[in-house]
Amino acid sequence: QVQLVESGGGSVQAGGSLRLSCAASGYLSNRYLMGWFRQAPGQEREAVAAIDSGGNTKYEDPVKGRFTISLDNHKDTVYLEMKNLKPEDTAMYYCARENGATIGSLERAAMWELAFTGQGTQVTVSS
């Protein structure tokens, strides 16, 4: 089993920044995929960004150029640096992880279909 704990959410005004963290613990493999997806009330889940243990990244179009995903392998933590936040970024942000997977795995499965998901952290952006 893998446990994922997200932190760093909060409320900011449009144009502001936040950094989300997701710390993994439990049975962790050296090869893995981690990433973020979000869901706003009444909306469908939406992938945000992903990174694998090889450093390969994938960003969805709405966040390209504004969000940066990164890994700290020593801390088994993934970060999501979010800049120039917009009201439409308001959502619950979830971290997900799959041992043994890579960025290429997302061609066959959505982020929320990965084996492990955290409890989420709320991001609210006001105009």
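Each of V48, V123, L80, T121 was compared with R38 under the side-chain contact (heavy atoms from CB on, under 4.5 Å) criterion, and only V48 meets it. Screening I51, L71, V2 for a side-chain contact (heavy atoms from CB on, under 4.5 Å) involving Y32 leaves a single residue, L71. Screening T124, V125, T90, V63 against L85 for a side-chain contact (heavy atoms from CB on, under 4.5 Å) leaves a single residue, V125.
Between the CG atom in D52 and the CE atom in M34 there is a gap of 12.0 Å [rounded to 0.5 Å]. In this structure, CZ on R97 lies 11.0 Å from CD on Q3, to the nearest 0.5 angstrom. E113 contributes atom CD, which lies 10.0 Å from atom CD of E98 (distance to the nearest 0.5 angstrom). Put simply, CZ on R45 and CE on M92 are 14.0 Å apart, with the number rounded to the nearest 0.5 Å. Remark: S105 OG to K58 NZ distance equals 12.0 Å, nearest 0.5 Å. Rounding to the nearest 0.5 Å gives a distance of 7.0 Å between OG of S53 and CZ of R31.
Side-chain atoms of T68 never come within 3.5 Å of backbone atoms of E81 as a donor-acceptor pair (strictly under, hydrogens ignored). Panel note: side chain Y59, backbone I69; a donor-acceptor pair is recorded below 3.5 Å. Side-chain atoms of Q39 come within 3.5 Å of backbone atoms of Q43 as a donor-acceptor pair (strictly under, hydrogens ignored). For D76 (side chain) and A23 (main-chain N/O), no donor-acceptor pair under 3.5 Å exists by modelled atom type.
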Task: Step-by-step side chain to side chain contact (heavy atoms under 4.5 Å, CB included) determination, L106 to L33 - done: CA-CA 9 Å; L106 294 175; L33 173 70; 3.9 Å; yes
- [ ] Decide yes or no on side chain to side chain contact (heavy atoms under 4.5 Å, CB included) for L20 and M82, but give the supporting numbers first.
- [x] CA-CA 8 Å; L20 306 183; M82 306 184 295; 3.7 Å; yes
Open item on the list: Assess the residue pair K86 and D89 against the criterion (salt bridge (charged side-chain N to carboxylate O under 4.0 Å, His left out)); give the C-alpha distance rounded to whole Å, side-chain angles, the decisive distance to 0.1 Å, and a yes or no.
Closed with: CA-CA 5 Å; K86 304 176 180 180; D89 294 317; over 6 Å; no
Task: Test side chain to side chain contact (heavy atoms under 4.5 Å, CB included) applied to Y79 and R19, step by step - done: CA-CA 7 Å; Y79 303 98; R19 188 175 83 153; 3.7 Å; yes
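By the 6.0 Å contact criterion, CD on Q119 is open, its count of non-hydrogen atoms from other residues, nucleotides or ligands being 12 or less.
A chain of hydrophobic side-chain contacts below 4.5 Å, direct or via other Ile, Leu, Val, Met, Phe, Trp or Tyr residues, connects L114 to W112. V5 and V78 fall into different hydrophobic clusters, where Ile, Leu, Val, Met, Phe, Trp and Tyr residues are linked whenever their side-chain heavy atoms come under 4.5 Å apart, directly or through other members.
The aromatic rings of Y94 and F37 sit parallel, their planes meeting at an angle under 30°, below the 60° perpendicular limit.
Residues in residues 1-112 take part in these disulfide (SG to SG under 2.5 Å) pairs, two or more places apart or across chains: C22-C95.
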